[in-house]
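A short worksheet on the structure shown next.
One-based numbering, in listed order, for ligands and for the atoms of each. All values derive from a computational prediction rather than experimental measurement.
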Amino acid sequence: MWFGGCKALMEQSMKNDGQTATSRLNKEQLLYDIQELSHLFRESASIETLLNRAVEMVAQRTQSAVCSIYLYNPDKQELTLRATKGLNPESVGRVHLRLGQGLTGLALQKMRPICESDASRHPSYQFFPGIFEEQYNAFLAVPIARGVSKMGVLVLQREASQCYDEASITALETVASQLANIIENAQFLLGIHEPPSDRVRSVPDSLKFVRGRVAAEGFAYAPALVLDKHKSLSSVLHQGSEKVYTLEDFRNAVAHTADQLEKLQEQVEHKLSDAASLIFAAHLMILKDQDFIGKITRRIASGVNASVAIAEVATDYMRSFLASDNAYTREKANDIEDVAVRLVNNLISRGEEMNVHKDHVLITRGLFPSDLLKLSSEGAAAIVLVGGGVTSHISILARSLALPMVIMDAFELLDVPDGTPVLVDAEIGNIFVDPDDHVLEKFWIQRRARLTLADQKRLMKPVTQTADGTRVLLLANINLLSDLKIARELNCDGIGLYRTEFPFIIRATFPTEAEQYVIYRKLVDSMPGKPVTLRTLDAGGDKILSYYHDLKEQNPAMGMRSIRFSLQNKPVFAEQLRAILRAGAGADLHIMFPMISSLDEFREASDVVHECLDQLAKQGLEHHGKPKLGMMVELPSVADLIDDFAREVDFFSIGTNDLIQFLLAVDRTNESVADFYLPHHPAVLRMLNRIARAVLAHGRELSICGDMAHQTPYIPFLLGIGIRAFSVDPIYLLRTQQTILATSLPDAEAFAQSLLSLSRVRDIEELLKSRTAAD
Ligand code: PEP
Ligand code: MG
C-alpha cells in the first residue's frame with residue numbers, strides 16, 4: 001500500500017511528541033509562492049531558472065532536505081531529472097528513469113502519489129550511485145500531469161524520522177498541478193534547452209509522422225542529416241580543435257581530399273555520362289585555389305591549429321558568397337563548406353573514406369539540380385525537401401536518379417536532430433521520424449513487395465491497348481541517359497520527351513555541338529525504329545544555367561526562358577539543332593519546341609531548323625533531312641490558337657505541368673500553394689478537351705507528357721477525350737499500361753463527358769473518387 005509505511009510511522013510520531021510534519025508545512029505560503037513563480041515565468045524567466053527556484057522553494061516550505069523535478073518525455077517514455085535541491089547537482093540531465101522504474105517512475109505510471117517512510121525497503125526502490133540520496137529515506141513522489149497526459153514527477157525526500165503525512169500529499173499535489181500549467185506552457189523551451197546528455201534530442205509528437213507528397217518514389221530508412229549551411233562547419237571547427245594539426249597534416253589532407261573527389265567524379269561520370277561532367281569540378285577548383293589554400297597555410301604557419309585555420313578561412317569565404325545578390329553564388333557557399341568539411345575530416349582521420357551524405361536521409365529547404373546529382377552520387381538514401389513542388393525539375397531529376405524524395409511543408413523538420421532515424425515512404429509521400437517497431441515492420445513488408453525491374457518486365461504486356469482493343473502508344477520521358485535502361489527493358493513504344501536541358505544545367509559552359517551529338521546519339525541508338533522526340537533547350541525557370549542566368553528575374557517561371565531564350569541566343573540554339581539533326585540521321589526524329597506561345601515563335605524556331613538543315617547539307621555532314629517539327633502545349637495562349645497551330649505543326653505534346661501552372665496561376669515549385677494546383681480543375685479539363693479535339697480533327701500527332709499522363713485517376717479521362725499517346729517517366733510505364741489495359745473506350749468517353757459537364761471542383765472530385773472506389 002502506497003501510504004502504509006508512512007502512516008504507521010506517522011501515528012507513532014503523533015503519539016511521541018504530538019507534533020506532526022503537517023504542522024510544520026506552511027501550505028498557504030507554498031501555494032502563494034508557486035503562483036508567484038508562474039507569474040515570473042510568464043515574464044520570461046528561463047525554464048531552468050524557474051525549475052531551480054521551484055525546487056528551492058518547495059524544499060524550504062516543506063522542510064525537506066531534497067526536492068527534485070523529473071520531466072517526462074512521452075516519445076522515449078522516460079523521465080529525466082531536470083532540477084534538484086539537495087541531490088548532487090551533477091546528476092541533473094543524467095538520471096533517466098523508464099516509466100514504472102523506481103518509486104518515481106512508479107508514481108507516474110500509476111498516476112498517484114507514493115509515500116514511503118523508508119524508501120530503500122520498497123521493492124521498486126532504485127539506487128543511483130553518486131546522487132547522494134542514500135540518507136534521505138522519507139520519500140514522497142507526486143505525479144505532475146494534465147488530465148491523463150503525463151508530464152513529470154515532483155519528489156520530496158528527508159530523513160526517515162520525518163516522514164510525510166496526508167496534508168503534505170495534498171499540498172504537494174496542488175503544487176504539482178500548478179507546475180503542470182507552467183510546464184505545459186514551457187514545452188517549447190524545454191525542448192530547446194534540454195540539459196547536456198549523450199542522447200539524441202527528442203522529436204516532438206507532431207513530427208513523428210508527417211504527411212507530404214511524393215516527388216520520386218521509393219523507400220529509405222536511415223539517419224537524418226539536415227543540410228544547413230552553418231551547422232556542419234561549426235561542428236567541424238569543434239571536432240578538430242582539441243588536437244594540434246600541423247602544416248604537413250594539412251598538406252596531406254589536401255592531397256587526400258583531391259584524391260577522394262577525383263574518384264567520386266570518375267564514379268559519377270561512369271554512371272551518368274550525360275550529366276555528370278562537372279559535379280565535383282567546383283570542389284577540385286577550390287582545392288587548387290592558391291588564394292584559399294594560401295590563406296589557410298599562412299594561418300597555420302602563424303601558429304593556428306590546422307583544423308581551426310580551415311574552418312576560419314572557409315567561414316570568411318562563405319560569408320562573402322552568402323552576401324551576394326545572386327542566389328546561385330550564394331548557393332556556392334555550400335561547395336566551400338563541403339570542401340572544408342572534407343578537409344577537416346581527412347585531417348582528423350587521414351586514410352578513412354569520408355562521405356557525410358552517404359546513407360543518410362537529407363532534409364533540406366532547397367536544392368539545385370547539380371546538388372541533387374552530387375548527393376545521389378555520394379549515396380544519399382533519400383531527400384526530404386521542405387517547401388518544394390512535386391512537378392518541379394528537382395523532383396523530375398530525383399526520379400531519374402532513383403533517389404526517393406518527398407516534399408513537405410512542415411518547416412519544423414529542419415530542426416530534426418541529426419542522426420534521428422527517419423523512415424521515408426516515398427511511395428505515398430509520408431515520413432516517420434524515429435519510427436517504432438510496428439511501423440518499421442510494416443515498412444519492411446511493403447519494401448519486400450516492391451516490384452523489381454525484372455518483375456515489371458514480366459508483368460508488362462507487349463502491346464498497350466484499351467480493354468476493347470484500341471492501340472495506345474506508351475512512350476518514355478527521358479531526363480538522364482540512365483533512364484534509358486528501364487525504358488528499353490520495358491520495351492516502350494519510343495521516347496515522347498527527352499528533356500535536353502539536364503546536360504546544360506550541370507556544365508560550367510554551354511556544351512559544344514560535339515558533346516551534345518554524343519549524348520543525343522546514345523539516345524537515338526537506344527530506340528531503333530521507334531519515334532524519338534528531343535525537346536530543345538527548356539532552360540530558365542527552375543532550370544538555371546549558372547553560367548548564363550543572372551537570376552535578377554523576379555519571376556523566372558515567366559521570364560527569359562525556354563524557347564524565348566533559344567531565339568534570343570540563336571548561335572546556342574543552332575548548335576543544339578545541328579547536334580540533334582546529325583544524331584537523328586536515319587531515326588524517326590521529332591524535334592519539339594518548348595513553351596511556344598504564338599505561331600510567330602513556332603515559325604521563327606522552325607526557320608532556324610531549316611537554316612541548320614541547309615548548312616549541314618552544304619557541309620555534306622550526315623543528318624536527318626526531314627524531321628517532324630512539333631511543340632509543347634503548355635501555355636494557355638495556345639488553346640485559343642490551336643486550330644491555327646494544327647494547320648502547320650506536325651505534332652503536339654501537352655505539358656500539363658506548366659499548363660496547369662499558367663492556367664491556374666499556381667507556382668508548380670511552391671508546396672504552400674500545392675492545394676491550388678488542380679489537374680482536375682474544370683478549366684484544365686475543358687482546355688485539354690478543346691486542344692485534343694482540334695489537334696485530332698487536323699489529323700496531327702498528339703501526346704501528353706506532363707505528370708498527369710501517369711496519374712491513374714486521370715488516364716480514363718485522357719483516353720476519353722481522344723489521347724492515344726502517353727509519355728511517362730520509365731518508372732511509371734507499367735502502372736500506366738495497366739490502367740490503360742483496364743479501361744474500355746466507350747466507358748472512358750462517357751466518363752470524360754460527365755467530367756466535362758461539371759463546373760465545380762468539388763463535384764469533379766466526387767466523380768473521380770466514386771470511379772476510383774468502383775475500380
Ligand atoms: C510540362 O510542362 O508538363 C512538361 C512536361 O515539361 P517540364 O516538366 O519539363 O516543364
Ligand atoms: Mg514544361
Side-chain angles (χ1 to χ4, degrees), residues 214-216 275 369 372 388-401 405 407 475-480 483 495-505 533-545 555-566 590-597 601 605 630-639 651-670 674 677-681 684-685 687-688 691-692 702-711 714-715 718 723 725-732 736:
V214 179
L372 197 67
V390 171
T391 63
S392 72
H393 289 91
I394 279 292
S395 313
I396 288 167
L397 192 57
R399 281 178 222 157
S400 291
L401 293 165
M405 179 158 119
I407 306 233
L475 306 162
N477 287 348
I478 303 294
N479 306 310
L480 296 174
D483 290 324
I495 295 172
L497 167 67
Y498 172 51
R499 291 180 165 101
T500 57
E501 46 274 11
F502 288 110
F504 280 77
I505 290 171
T533 307
L534 285 100
R535 182 174 74 183
T536 62
L537 186 60
D538 187 15
D542 63 340
K543 292 177 283 192
I544 304 298
L545 307 181
N555 236 325
M558 294 196 267
M560 180 46 67
R561 56 171 296 197
S562 206
I563 196 68
R564 293 175 195 160
F565 168 88
S566 295
H590 290 56
I591 299 178
M592 177 155 73
F593 306 126
M595 302 284 288
I596 291 286
S597 68
E601 261 170 359
M631 57 181 268
M632 297 279 296
V633 181
E634 46 190 350
L635 297 185
S637 62
V638 172
F651 70 95
F652 296 84
S653 191
I654 306 178
T656 48
N657 300 343
D658 276 312
L659 189 63
I660 296 166
Q661 150 163 275
F662 292 117
L663 185 59
L664 302 183
V666 187
D667 181 351
R668 65 190 263 195
T669 67
N670 180 350
Y677 189 94
L678 300 174
H680 55 276
H681 190 290
V684 174
L685 299 184
M687 185 170 279
L688 292 176
I691 292 162
L702 174 68
S703 65
I704 177 164
C705 63
D707 276 9
M708 226 174 146
H710 72 249
Q711 288 163 347
Y714 305 126
I715 292 175
L718 298 169
I723 292 175
F726 291 70
S727 193
V728 300
D729 287 1
I731 49 167
Y732 301 127
T736 308

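Against a heavy-atom cut-off of under 4.0 Å, Ile396 is close to the following atoms of ligand 1: 8 (O). Atoms of ligand 1 lying under 4.0 Å from at least one heavy atom of Arg668, given by number and element, are 2 (O), 7 (P), 8 (O), 10 (O). Under a 4.0 Å criterion applied to the non-hydrogen atoms of Gly655, ligand 1 contributes the atoms 1 (C), 2 (O), 3 (O).
Of all heavy-atom pairs spanning Ile563 and Ala605, the tightest one is CD1-CB, 4.0 Å. Taking each heavy atom of Ala709 and Phe726 in turn, the nearest pair found is O-CD2, 3.5 Å.
By the 3.5 Å distance cut-off applied to N or O atoms, Arg561 is not counted among the residues near ligand 1.
Within the protein, the N, O or S atoms lying under 2.8 Å from the Mg ion (ligand 2) are Glu634 OE1, Asp658 OD2.
Without hydrogens or angle criteria, Glu501 side chain to Asp538 main chain gives a donor-acceptor distance under 3.5 Å. With hydrogens and angles disregarded, a donor-acceptor distance shorter than 3.5 Å links the side chain of Glu634 to the backbone of Met595. No donor-acceptor distance shorter than 3.5 angstrom exists from the side chain of Asn657 to the backbone of Arg668, with no hydrogens or angles considered.
Every heavy atom of Gln661 sits 4.0 Å or more from the atoms of ligand 1.
Here the shortest heavy-atom distance to atom 2 (O) of ligand 1, taken over Glu501, Glu634, Arg499, Met632, belongs to Glu634.
Once rounded to the nearest 0.5 Å, the distance linking CG of Asp707 with OG1 of Thr656 reads 6.5 Å. Separation of atoms CZ (Arg564) and OG (Ser597) is listed at 6.0 Å; rounding is to 0.5 Å.
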The test is side chain to side chain contact (heavy atoms under 4.5 Å, CB included); show your working for Leu688 and Leu659 and say whether it passes. CA-CA 9 Å; Leu688 292 176; Leu659 189 63; 4.0 Å; yes

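Using cut-offs of 30° and 60° for the angle between ring planes, the His680 and Tyr714 rings count as parallel.
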